[in-house]
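To start, the structure under review is shown below, and the notes come after it.
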Amino acid sequence: MDERIGIIGGDAPRLTVSGQPLPPHPFPTTVQLHNRFYVVVDTFPTVDVNAVISELERTLYPPPSVLIEMPEDEREQWLAQMPKGVETEQVEDIMDDEEVSADDTDEIG
Amino acid sequence: MALTASRGQGIGAFFMLIAKRNSNGYPVGQVADPETISNATTMQPYLVRSLVNFTPESRPLAVVTNKGGQAIISKTVLGADDVGEGTFTLSEYDETLTALIKGSAVDVSTVDGWAQTGSNINQRNFPRFFVVFGTRFTDSTDGSDYWLTDIYPNAQIYQPDFRSISQDTGVNPNPLTYNLIPSQSTKNIDGRNMSSSSGLTVVGASDMRVTIRSRYMLAFTSFKAASASTTYTLGYRPVYNTATGNADNSITKNGSTFAVSSVNTSTGAVTFTAGSDADFHVCVYQTEFTAI
């Protein structure tokens, strides 16, 4: 996992969003990612904070191969919070195809 | 436990907390831009432990004298005619505080191994802050100790004189003095609106300084939620786990008392039922500033 990402209730990140050493506790500004992870935002950031957070958030999304194997409700939760793009469309296409083929099977059976 | 009105003496200058104030009147910690905050952001104030003293602003009153027949017939006080500037002194040069009040930055990235701060002589926009001063209070009616917290919900700060150097020895040979310019606010530090008919009962439902007496020191944490958010973490361990929102700890959401599911005195976690994107939570809690 990226050194700028920490686990809520677990290990802290090693670096701030700007890639600097962490400030003393309590961290002045933190942003939660998916309710499970967080990043520490610099008081005086040197990067586009929102852009970096979006990029870091993206690394936490499960890849399509993992999403497809997930229980449906968990997969739907992930898809709901992931930005629409190639990966989500790929998963939705595969799931649609599977639903169609399952319907076909039912009809044959 | 509910307190009753009392009297006593304030003693000592113990701590100062400072947090930026956004245009909605909420404390927003040390965020770079108070008006652009991502959802799911937790914000802590900046704790200053090098407070030496604080002198509040003066408030000259407008007074009209009725003088006739070689006698003072009456005098009438009309109210505040002006508001002066408060001053506070710190024993330490604090780079973070300096950059916060100057709307500048501590530059640690241009040259690795340096921390640079400018005087920002051309500064025209002075950020607005919540500024909190903490002092002990000995209650003379029951002999017990409390804390008095003086809160400025809308203040600007400037540094009239820069850090000096000298050959002096002894205690604090080179203190730093700052000026505090208070303004009125319709919101208190807990996120609630002030009222002219209940609670604080201040004229115009607005004020520039509020004093709170409590058993322990007060600190605060703000959280701008995402719709899926169910927790945020306080900056220090709270003394009380009271979760009702209006006892021991003040907990609000969008300016109204908000009962949460729990307040953990070890981890500082505040857990609650999920709400909406951009809900604004503020928890003002009693603490001994024990790190989490």
Side-chain angles (χ1 to χ4, degrees), chain A residues 3-58 60-62 73-83, chain B residues 18-20 28-34 36-47 95-97 99-100 102-110 112 115-117 219 221-237 264 266-269 271 274 287 289-292:
Chain A
E3 288 187 306
R4 292 167 290 182
I5 297 174
I7 300 166
I8 294 174
D11 291 338
R14 292 178 181 275
L15 299 171
T16 66
V17 166
S18 294
Q20 297 295 330
L22 294 177
H25 276 281
F27 300 137
T29 310
T30 56
V31 178
Q32 297 174 6
L33 310 176
H34 309 319
N35 274 355
R36 278 179 270 183
F37 305 97
Y38 72 100
V39 292
V40 175
V41 180
D42 311 73
T43 301
F44 311 106
T46 56
V47 296
D48 181 340
V49 170
N50 289 334
V52 173
I53 289 176
S54 296
E55 191 55 40
L56 291 173
E57 198 165 30
R58 197 174 188 79
L60 295 171
Y61 295 135
D73 55 345
E74 193 179 342
R75 179 171 58 244
E76 292 302 323
Q77 283 180 9
W78 276 109
L79 289 173
Q81 55 186 300
M82 290 171 67
Chain B
I18 181 169
K20 289 183 182 173
V28 293
Q30 304 165 55
V31 297
D33 180 357
T36 313
I37 299 169
S38 304
N39 291 341
T41 297
T42 307
M43 295 153 273
Q44 313 289 359
Y46 186 65
L47 174 64
E95 293 171 337
T96 301
L97 179 73
L100 280 172
K102 291 179 185 300
S104 178
V106 182
D107 178 5
V108 294
S109 58
T110 300
D112 196 4
Q116 303 185 67
T117 43
T221 294
S222 308
F223 179 65
K224 184 180 178 186
S227 58
S229 301
T230 56
T231 184
Y232 60 89
T233 305
L234 304 176
Y236 303 92
R237 286 186 181 176
N264 189 307
S266 234
T267 65
T271 54
T287 183
F289 288 113
T290 306
I292 289 172

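Chain letters run A, B, ... following the sequence lines, proteins first, then strands; residues in each count from 1. Quick caveat: nothing in here was measured; it's all calculated off a predicted structure.
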Worksheet item: Which pair of non-hydrogen atoms, one from B:Thr267 and one from B:Asn264, has the smallest distance, and what is that distance?
Response: N-OD1, 2.9 Å
Response to the item:
So, the part of B:Ser38 with a heavy atom under 4.5 Å from chain A: the answer is side chain
Practice prompt. Identify which part of A:Pro45 has an atom lying under 4.5 Å from any heavy atom of chain B, answering side chain, backbone, both or neither.
Written response: side chain
Practice prompt. Could you look at B:Tyr46 and say if it's the side chain, the backbone, both or neither that has a heavy atom under 4.5 Å from chain A?
Written response: neither
Practice prompt. Could you tell me which portion of A:Phe27 (side chain, backbone, both or neither) has an atom closer than 4.5 angstrom to a non-hydrogen atom of chain B?
Written response: backbone
Discussion item. Around atom CG of A:Asp11, are there more than 12 heavy atoms from other residues, nucleotides or ligands closer than 6.0 Å?
Written reply: no
Worksheet entry | For chain A, the option from B:Ser104, B:Ala291, B:Ala269, B:Ser229 that forms the most heavy-atom pairs under 4.5 Å | B:Ser229
Worksheet, complete the sentence: Taking every heavy atom of A:Thr16 against every heavy atom of A:Pro21, the minimum-distance pair comes out as CG2-O, 3.6 Å
Practice prompt. Report the C-alpha separation of B:Ser222 and B:Val28 in whole Å, then their side-chain angles, then the decisive distance to 0.1 Å, and conclude whether the side chain to side chain contact (heavy atoms under 4.5 Å, CB included) test is met.
Written response: CA-CA 6 Å; B:Ser222 308; B:Val28 293; 5.7 Å; no
Item to complete: Provide the closest heavy-atom pair for A:Ile7 versus A:Tyr38 in the form atom of the first, atom of the second, distance.
Response: O-CE2, 3.5 Å
Discussion item. Test side chain to side chain contact (heavy atoms under 4.5 Å, CB included) on A:Ile8 and A:Gln32; report intermediate values, then the result.
Written reply: CA-CA 8 Å; A:Ile8 294 174; A:Gln32 297 174 6; 3.9 Å; yes
Discussion item. At a 4.5 Å cut-off on heavy atoms, which part of B:Thr230 comes close to chain A: side chain, backbone, both, or neither?
Written reply: both
Worksheet item: Between B:Ser109, B:Gly29, B:Gly268, which has the largest tally of heavy atom pairs under 4.5 Å with chain A?
Response: B:Ser109
Item to complete: Search all heavy atoms of B:Met43 against all heavy atoms of B:Val31 and return the closest pair with its distance.
Response: CG-CG1, 3.7 Å
Item to complete: Would you mind checking which part of B:Ala99 comes under 4.5 Å of any heavy atom in chain A, side chain (CB onward), backbone (N, CA, C, O), both or neither?
Response: both
Item to complete: With a 4.5 angstrom heavy-atom cut-off, could you sort out which part of A:Thr30 is near chain B: side chain, backbone, both or neither?
Response: both
Item to complete: Grab the two heavy atoms, one from B:Gln44 and one from B:Thr233, that are nearest each other, plus how far apart they are.
Response: NE2-O, 3.1 Å
Fill in: Toward chain A, the part of B:Leu234 with a non-hydrogen atom under 4.5 Å
neither
Discussion item. If I measure from the heavy atoms of chain A, does B:Asn39 come under 4.5 Å with its side chain, its backbone, both, or neither?
Written reply: backbone
Response to the item:
Given B:Ala19, B:Gly235, B:Ala226, the one with more heavy-atom pairs under 4.5 angstrom with chain A than any other is B:Gly235
